[in-house]
S.K.: 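Okay, handing you the structure first.
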Amino acid sequence: METKVLIDEKDNSNWRELKNKLFFGTVVVLATLTISPILLIVYELLVKGLKQINFDFFLKVAPDTFQAMTAVRNGEIIPGGIANGITGTLLMVVVASLIAIPISLLIGIFLYENQGKKYANLIRSLTDILQGVPSVVLGLIAYIWIVQGVTKGFSALAGSVALAIMMLPLIIRSTEETMKMIPISIKEAGAALGVPYHKIILKVMIPSGFSGLMTGILLSISRVLGETAPLMLTTLGSTTVNFNITKPTSAVPLQIWEFYNNPNMIDLVWSSSLFLMAFVLTLNIIAKRISMRFS
Amino acid sequence: MNDNILQISNPVLSIIGLSISYGEDKYAVNDVSADVKRNAITAIMGPSGCGKSTLLRAINRMHELYPNIHTKGEIKLNGDSIYDMSTTKLRRKIGMVFQRPNPFPTMSIYENVIAGYDLNGSKLKKSEKDEIVESSLTDVGLLDEVKDSLNKKGNFLSGGQQQRLCIARTLAFKPDVILMDEPTSALDPLSTAKIEDLLVELKAHYSIILVTHNMSQAARISDNAMFMYLGELVEYDKTKKMFTNPKDSRTEGYLTGKFG
């Protein structure tokens with residue numbers, strides 16, 4: 001008996017293969033389009049910014065207008081660098097981290113421990129709202145609280161507080177998500193050994209989730225590194241290297257804005273942007289590495 | 001007095017009228033009274049959801065970690081109420097081993113065994129620690145297998161080795177009672193056999209309460225057995241007697257595979 005052929009043997013397999021190839025091609029083209037902006041940005045920054053990068057760029061403060069003008073006239077590279085911005089950015093990021101990390105870790109652990117409870121849900125929603133607050137508004141708030149209220153003048157502390165508020169929601173959510181990933185059996189193992197609650201959190205849970213916590217912290221730092229608006233309203237900027245948190249301080253993004261407003265220093269805009277971008281990218285790559293190594 | 005409940009003299013543990021409810025009127029354990037024999041393996045059997053794990057966790061008060069728990073009744077360890085002790089002290093005397101091996105992932109094998117002391121902040125000399133680690137690992141038969149890698153993390157060990165590591169961690173405190181919540185259900189038959197042999201050896205020094213889903217395991221290694229159903233302790237007897245001649249029809253139904 002002849003079996004009935006359900007599918008035509010002479011089906012249009014060529015057409016099917018062609019469709020397959022067409023689809024694959026489209027996906028590749030679109031994916032390339034998606035990543036092309038980042039490649040173009042890096043290319044542009046390297047071409048325009050690399051010539052300014054030298055030792056002085058990291059070790060000296062920004063030149064004044066006259067120096068820059070003379071250099072541009074003579075066709076030389078602009079002297080000086082962004083040492084005041086780099087040190088200011090590092091100072092403010094460190095202070096902001098000191099404020100934000102302990103608070104956010106505690107809130108994140110609180111949210112994890114109180115899943116489904118009303119108060120925790122309220123805090124979680126407020127955290128989400130905080131994440132949506134425009135950074136310039138946070139700058140205004142830090143201005144009123146710290147610049148007017150505490151340091152009686154523009155200060156690195158005010159900038160740090162604004163950045164810390166921006167970091168809070170990022171670290172809180174990553175802490176909660178990290179804690180949720182740790183198997184509950186690890187916590188039970190601690191409890192079964194009679195270990196008090198605070199020690200289970202400090203010595204068992206936090207070390208077990210270390211890579212996740214670290215990733216969240218690094219990503220939040222790289223997120224605030226490039227913030228400009230809140231710093232304009234709080235630390236103002238400075239032409240010298242400053243480590244006093246009650247005094248006005250410079251920062252790399254602030255300097256980019258200043259260079260941009262000075263027609264003689266356009267070249268420095270590109271080199272500073274290149275530096276900032278490289279710094280943020282490096283932090284992101286480190287964060288990725290940490291989360292991959294420990295997961 | 002209920003005829004189906006075994007009487008024991010000089011028990012290590014006495015459970016008296018214990019009821020545990022989650023929320024309103026949902027009893028996970030309903031008025032259970034039983035004594036647990038010293039230096040023996042007592043198995044708790046029953047179908048899923050019968051309250052055997054809850055009963056086990058009530059013995060070292062681990063069930064208090066869950067919200068909305070109401071506990072009534074009394075449990076006595078060597079005659080002293082467990083509610084008069086701090087949980088820290090109680091859990092040193094009543095250790096626990098879980099369904100899945102759960103060594104601390106950030107600690108080395110050595111640190112895992114001594115974790116109970118270290119995490120509670122006791123200041124032991126290095127030599128005292130070494131001694132505890134060595135004797136605990138010897139007791140679970142793991143020392144020869146891991147003596148060259150004591151400072152490595154425990155995650156390269158097999159499931160069975162990890163479970164023995166967890167038992168060693170519990171033994172480090174020299175507890176009176178060890179609670180085991182289906183300790184072999186995540187293990188292969190060979191590792192299971194090793195753990196079962198170990199339990200039989202351990203009962204010379206410790207009293208073991210073993211929750212198990214596996215009837216043949218209870219038959220193989222336990223001295224006494226409890227059968228729980230819907231939160232109730234239906235029958236408690238010497239294992240041999242229960243398996244050959246159950247008194248309650250529900251026990252007989254479970255043991256012959258009619259439900260469960």
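Proteins come first, then strands; the chains are lettered A, B, ... in the order of their sequence lines, and each starts at number 1.
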S.K.: Are there over 12 heavy-atom neighbours, none belonging to B:Lys174, within less than 6.0 Å of that residue's NZ?
M.R.: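 Enclosed.
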S.K.: How close do A:Lys203 and B:Met107 get, counting heavy atoms only, and between which atoms?
M.R.: O-CE, 4.5 Å
S.K.: Using non-hydrogen atoms only, which part of B:Pro101 is less than 4.5 Å away from chain A: side chain, backbone, both, or neither?
M.R.: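 Nothing of B:Pro101, per the 4.5 Å heavy-atom cut-off to chain A.
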S.K.: Supply the atom-to-atom distance B:Leu65 CG to A:Ile200 CD1, rounded to the nearest 0.5 angstrom.
M.R.: 7.5 Å
S.K.: Output the option from B:Gln99, B:Arg91, B:Lys89 having the highest count of non-hydrogen pairs under 4.5 Å with chain A.
M.R.: B:Arg91
S.K.: B:Arg169 and A:Ala189: which non-hydrogen atoms are nearest, and at how many Å?
M.R.: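 Result for this residue pair: NH2-CB, 3.4 Å.
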S.K.: Assess whether atom CZ of B:Arg38 is packed by more than 12 heavy atoms of other residues, nucleotides or ligands within 6.0 Å.
M.R.: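 Counting neighbours around CZ of B:Arg38, more than 12 heavy atoms of other residues, nucleotides or ligands fall under 6.0 Å, so yes.
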S.K.: Counting only heavy atoms not in B:Lys203, do more than 12 fall under 6.0 Å of its NZ?
M.R.: yes
S.K.: Quick one: does B:Thr88's side chain have a donor or acceptor within less than 3.5 Å of a partner on A:Gly194's backbone?
M.R.: yes
S.K.: Please say whether more than 12 non-hydrogen atoms of neighbouring residues, nucleotides or ligands are located less than 6.0 Å from CG in A:Leu122.
M.R.: yes
S.K.: Which distance, rounded to the nearest 0.5 Å, do you find between the CZ of B:Phe104 and the CE of A:Met205?
M.R.: 11.0 Å
S.K.: Check the pair A:Lys199, B:Leu119 against side-chain contact (heavy atoms from CB on, under 4.5 Å), reporting the backbone distance first and the verdict last.
M.R.: CA-CA 7 Å; A:Lys199 281 195 179 159; B:Leu119 290 176; 5.5 Å; no
S.K.: Where is the tightest heavy-atom contact between B:Asn120 and A:Pro196, given as atom of each residue plus distance?
M.R.: OD1-CD, 3.3 Å
S.K.: Please give me the minimum heavy-atom distance between B:Pro105 and A:Ile186, naming the atom from each residue.
M.R.: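 It is CD-CD1, 3.5 Å.
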S.K.: Would the number of heavy atoms belonging to other residues, nucleotides or ligands and lying under 6.0 Å from CD of B:Glu64 be above 12?
M.R.: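 It does: B:Glu64 CD has more than 12 such atoms within range.
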S.K.: Just wondering, more than 12 heavy atoms not from B:His205 lying within 6.0 Å of its NE2?
M.R.: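 Counting other residues, nucleotides and ligands, NE2 of B:His205 stays at 12 neighbours or fewer.
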S.K.: Rounded to the nearest 0.5 Å, what's the gap from CG on A:Leu193 to CE on B:Met96? Could you check?
M.R.: 11.5 Å
S.K.: So for atom CZ, which belongs to A:Arg124, do other residues, nucleotides or ligands contribute more than 12 heavy atoms lying within a distance under 6.0 Å?
M.R.: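 Atom CZ in A:Arg124 is packed in, count exceeds 12.
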S.K.: Is it true that atom NZ of A:Lys117 has more than 12 heavy atoms of other residues, nucleotides or ligands lying nearer than 6.0 Å?
M.R.: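 Count not over threshold, so no.
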S.K.: Under 4.5 Å from any heavy atom of chain A, what part of B:Arg57 do you find: side chain, backbone, both or neither?
M.R.: side chain
